[in-house]
S.K.: 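Input: one structure, supplied below.
Order of listing sets the numbers, starting from 1, for every ligand and every atom in it. Owing to the predicted nature of the structure, the values given are computational and were not obtained by experimental measurement.
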Amino acid sequence: MSTDFHQKSVSLFSEQLVDKGIDLNQLVSQVSGFQIAVPSWALGAGGTRFGRFSIGGEPRNLEEKLDDIGLLAKLSKRTDAVSLHIPWDIPQDVQAIRDKASNLGISFDAMNSNTFQDYGQPLSYKMGSLSNANAAIRKQAVEHNLQVIEIGKTLGSKGLTVWLADGSNFPGQAHFRNALQGTTESLQEIYAGMPEDWKLLLEYKPYEPNFYHTVIPDWGTSALICRQLGERAKVLVDLGHHLPNTNIEQIVATLMHQDMLAGFHFNDSKFGDDDLSTGSIKPYQLFLIFCELIGGAMDGAQAWESISWMIDASHNTKDPIEDLIQALESISQAYAKALLVDRVKLTQCQLDGDVVLAQEILQDAFLTDVRALVREARIQSGGEADPLAFYRKEKIREKLIAKRGKNAQASGL
Ligand code: PSV
Ligand code: MN
């Protein structure tokens, strides 16, 4: 892409904005300011139960994961935080990790606990963790979460994300109400152990790894539990954790209406996977979600700053860094397009019952090519015009393989 061509695209775009009364500089600074955290588990090749195919040069420890995120931050200028998973990422030398992250301009987003695997703890989570019928197992899971909070405190994190695999595979296996009650009480203990300036982000998921029932299957159950914890407990929306065709944008609006939206885990889903690249399957849905987010914040339903943003995906087939570059780009594009919606006209259409024009207004914003704008925002922030092209031209994966080895496998996962 020549600089000349880019400048022409930006000025063309700028002319389109004049009609809408939108200021280009303001738009650029909004897009530049939107930062999305990256999870530590996104840097290695993921896997399925059928196999795992290493990409080579994967980060072998937390330090190398930070290096990869630092690189991503430098190229894209769209991320400035990492979300750690315990026990996958227990820092051995906290001060050294803090210093390294701060040198790379990276802070520590919400911490993630893990009560869905057995990793040498005395009691097994096979039959559940915070919901387990056995009080000793619930206690062990609560204590794990409290340890995660302690580690997070040393790193300067301000939140705890809880995702539970708890549920059952067969009718009769679990007692629904007891499981919910046990989970709520366990979470109350965890919430009480959080510092006053932390928030608890509670995920939901309709199925997987359990296929008959999940203890927190949907946003409503998550919200009911959060209400019993306190006002710093809110619902985390992971885009891949919905049954097909769920109206996620409406869920977002409802949660914001109640000031109950903790944040996002960005990814995409075609059938039931929750790991496809953000915006690769349903970009219009992503755009509509951002329309609700912006609308909710503008109307004062919930403050924009109170919402956390993170990518949650792990890939079996792509180079993880390339995938993250693509995901950050898609999210920025959806956000930028949603900023273009003519809200005054849209509100008028809703009052007038003008369905056709309302659709036109949304489509007009969605169909606007914002790639030059997003690129300009990145250039002005000091990033690469085209991070993906740069990554390939500089043969960064090849260099990582040379440094870390062809069979280097990401730690943790
Ligand atoms: C599993 O579905 C999951 O992707 C959840 O979304 C969590 O956020 C993540 O794993 C890490 O525990
Ligand atoms: Mn998630």
S.K.: Is there a donor in the side chain of D323 and an acceptor in the side chain of S277, or the other way round, less than 3.5 Å apart?
M.R.: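 The criterion, which ignores hydrogens and geometry beyond distance, is satisfied for S277 and D323.
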S.K.: For atom 9 (C) of ligand 1, what is the nearest protein heavy atom, given as residue, atom name and distance?
M.R.: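 Nearest protein contact, heavy atoms only, for atom 9 (C) of ligand 1 is D312 OD2, 3.6 Å.
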S.K.: Work out whether the distance between some heavy atom of D238 and some atom of ligand 1 is less than 4.0 Å.
M.R.: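 True for this residue.
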S.K.: With heavy atoms under 4.0 Å as the rule, classify the contact between E203 and ligand 1 as side chain, backbone, both or neither.
M.R.: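 Under 4.0 Å from ligand 1, E203 contributes side-chain atoms alone.
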S.K.: What residue and heavy atom of the protein are closest to atom 12 (O) of ligand 1, and at what distance?
M.R.: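 Looking at atom 12 (O) of ligand 1, the protein heavy atom closest to it is H85 NE2, 2.9 Å.
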S.K.: Once rounded to 10°, what is the value of the angle centred on the Mn ion (ligand 2) between H265 ND1 and D312 OD2?
M.R.: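 The angle at the Mn ion (ligand 2) comes to 100°, rounded to the nearest 10°.
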S.K.: Suppose I only count heavy atoms of W41 and a 4.0 Å limit; which atoms of ligand 1 are within that range?
M.R.: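 Numbered from 1, ligand 1 contributes 9 (C), 11 (C).
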S.K.: Any chance the rings of H242 and F271 have centres within less than 6.0 Å?
M.R.: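 No.
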S.K.: Under a 4.0 angstrom heavy-atom cut-off, which atoms of ligand 1 come close to F116?
M.R.: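 So the answer, numbered in order with elements, is 12 (O).
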S.K.: Is the ring centre of F176 less than 6.0 Å from the ring centre of H213?
M.R.: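 Centroid distance F176-H213: below 6.0 Å, so yes.
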S.K.: For ligand 1, which atoms sit closer than 4.0 Å to a heavy atom of H241?
M.R.: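 The atoms of ligand 1 under 4.0 Å from a heavy atom of H241 are 2 (O), 5 (C), 6 (O).
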S.K.: Do side-chain atoms of K74 reach the backbone of G383 as a donor and acceptor pair under 3.5 angstrom?
M.R.: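 Side chain of K74 to backbone of G383, a donor-acceptor pair under 3.5 Å: no, none is there.
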S.K.: Quick one: which ligand 1 atoms are inside 4.0 Å of a heavy atom on H265?
M.R.: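 Reading through ligand 1 atom by atom, the close ones are 8 (O).
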S.K.: Just wondering, are more than 12 heavy atoms of other shown residues or ligands nearer than 6.0 Å to CD in E208?
M.R.: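 Yes, CD of E208 has more than 12 neighbouring heavy atoms, counting only those of other groups under 6.0 Å.
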S.K.: Does NZ or CZ of K337 lie under 6.0 Å from the centre of the six-membered ring of F366, at an angle within 45° of the ring axis?
M.R.: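 Yes, a cation-pi geometry holds between K337 and F366.
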S.K.: Specify whether W304 and F34 have parallel, tilted or perpendicular ring planes, treating 30° as the upper limit for parallel and 60° as the lower limit for perpendicular.
M.R.: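 Geometry flag for F34 against W304: tilted rings.
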S.K.: For the atoms OD2 of D238 and OE1 of E203, give the angle they form at the Mn ion (ligand 2), rounded to 10 degrees.
M.R.: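 The two atoms form an angle at the metal of about 90°.
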S.K.: Hey, is D275 touching ligand 1 through its side chain, its backbone, both or neither, going by heavy atoms under 4.0 Å?
M.R.: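 Neither part.
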S.K.: Pick one of side chain, backbone, both or neither for how D274 approaches ligand 1, counting any non-hydrogen atom pair under 4.0 Å.
M.R.: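 The answer is the side chain.
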